[in-house]
Amino acid sequence: MPQFDPAFFAPQLFWLVLTFITLYFVMSTVALPKIGAVLDERQRKIDDNLDKAAQLKAEAEAAVAAYEKALAESRAHAQSVIKEASDRLAAEAETRNRELAARLADQVKAGEARIAEAKDKALANVRDVALDVAGATIARLVGSPADTARLEAAVAAALKEHGK
């Protein structure tokens, strides 16, 4: 192979150096500045995108904070409205309960009065019935009518003894 022949080494080295220098000059003046410009542009775009992303993140965090603040205010308002309604309803219920208790107390008093009246009538009837029964019993046993004053005294004593 002619490449490995020592007699061809000098021209090969000459052309190697000449080709290397030419390629180095072309790369350093034409290709590398274009590649550097593309890399710089890419880096600038990446930096711009990162800055914009950071700005959008800050805006999103501010929006989330505003949303949470509005949500907290809404919850607090809802709680106050619920408490106000609950207090109002409790006051209305208390008023209705007092009115009902007063009405029931009046009905209880009226019922107690009717019961007392009925009891008095019943006791008056018991006295009359007791006098009639005692008078009839004595008349039947003795054969003559009983003394009315003594009979009334005996019935009164019996009723007093039983607490009536």
Side-chain angles (χ1 to χ4, degrees), residues 24 26-164:
Y24 182 78
V26 169
M27 290 298 284
S28 64
T29 57
V30 177
L32 288 179
K34 288 182 180 179
I35 292 173
V38 168
L39 290 177
D40 288 341
E41 179 65 23
R42 219 181 243 178
Q43 187 63 41
R44 187 186 57 77
K45 283 183 181 180
I46 290 172
D47 291 341
D48 287 347
N49 288 341
L50 287 175
D51 290 343
K52 190 168 186 164
Q55 180 184 5
L56 291 175
K57 181 181 177 188
E59 289 175 6
E61 288 174 352
V64 166
Y67 169 74
E68 288 177 356
K69 181 181 176 187
L71 185 63
E73 289 173 355
S74 296
R75 284 184 180 154
H77 179 68
Q79 288 296 331
S80 67
V81 167
I82 289 171
K83 184 177 182 333
E84 180 182 313
S86 175
D87 292 344
R88 182 176 42 83
L89 291 175
E92 289 175 4
E94 181 66 27
T95 302
R96 283 193 308 257
N97 284 342
R98 272 188 261 124
E99 291 171 357
L100 180 63
R103 195 169 63 232
L104 289 176
D106 291 342
Q107 289 177 355
V108 166
K109 285 179 184 177
E112 287 174 351
R114 285 192 308 267
I115 290 172
E117 183 181 322
K119 180 180 176 184
D120 291 342
K121 279 184 179 180
L123 286 178
N125 289 339
V126 166
R127 181 182 172 90
D128 292 341
V129 169
L131 285 172
D132 289 343
V133 168
T137 306
I138 290 175
R140 197 165 211 187
L141 289 175
V142 175
S144 67
D147 181 21
T148 308
R150 285 182 64 198
L151 190 60
E152 285 180 7
V155 168
L159 289 175
K160 186 176 181 183
E161 185 180 310
H162 290 300
K164 296 180 182 178

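- Taken from CG in Asp128 to NZ in Lys121, the straight-line distance is 13.0 Å, to the nearest 0.5 Å.
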Donor-acceptor pairs are to be reported for all side-chain atoms of residues 106-119 against protein atoms at under 3.5 Å, with residues two or more places apart or in another chain.
none

Would you mind writing out the side-chain donor-acceptor pairs for residues 81-88 within the sub-3.5 Å range, not counting sequence neighbours?
unit_1: Lys83; atom_1: NZ; unit_2: Asp87; atom_2: OD2; d: 3.1

Please list, one pair per line, the donor and acceptor atoms closer than 3.5 Å that link side chains of residues 49-78 to other protein atoms, with sequence neighbours excluded.
unit_1: Asn49; atom_1: ND2; unit_2: Lys45; atom_2: O; d: 3.3
unit_1: Ser74; atom_1: OG; unit_2: Ala70; atom_2: O; d: 2.9

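- Contacts of Arg42 classified as side chain to side chain contact (heavy atoms under 4.5 Å, CB included), with partners at least two apart in sequence or in another chain: none.
- For Asp48, the salt bridge (charged side-chain N to carboxylate O under 4.0 Å, His left out) partners two or more places apart in sequence, or in a different chain, are Arg44.
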Next on the checklist: Could you walk me through whether Glu41 and Val38 satisfy the side chain to side chain contact (heavy atoms under 4.5 Å, CB included) test, starting with their C-alpha distance in whole Å, then the side-chain angles of each, then the deciding distance to 0.1 Å, before giving a yes or no?
Outcome noted: CA-CA 5 Å; Glu41 179 65 23; Val38 168; 5.7 Å; no
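- In plain terms, the two heavy atoms of Ala139 and Pro145 that are nearest each other are CB-CA, 4.4 Å.
- Legend: residues meeting side chain to side chain donor-acceptor pair (under 3.5 Å) with Asp40, ordered by chain and number and at least two apart, are absent.
- Remark: Gln79 pairs with no residue by the side chain to side chain donor-acceptor pair (under 3.5 Å) rule, at least two apart or across chains.
- Summarising the geometry of Pro33 relative to Ser28, their closest heavy-atom pair is CD-O, 3.3 Å, with the distance given to 0.1 Å.
- Take Val133 and apply the side chain to side chain contact (heavy atoms under 4.5 Å, CB included) test, not counting sequence neighbours, and it matches Val129, Thr137.
- For the atom pair CD (Glu94) and CD (Glu99), the distance works out to 10.5 Å, reported to the nearest 0.5 Å.
- Of all the heavy atoms in Leu151 and Leu131, the pair that sits closest is CD2-O, 3.6 Å.
- For Arg96, the side chain to side chain contact (heavy atoms under 4.5 Å, CB included) partners at least two apart in sequence or on another chain are Glu92, Ala93.
- Residues passing the side chain to side chain contact (heavy atoms under 4.5 Å, CB included) test with Asp147 are Ala149, Arg150, sequence neighbours excluded.
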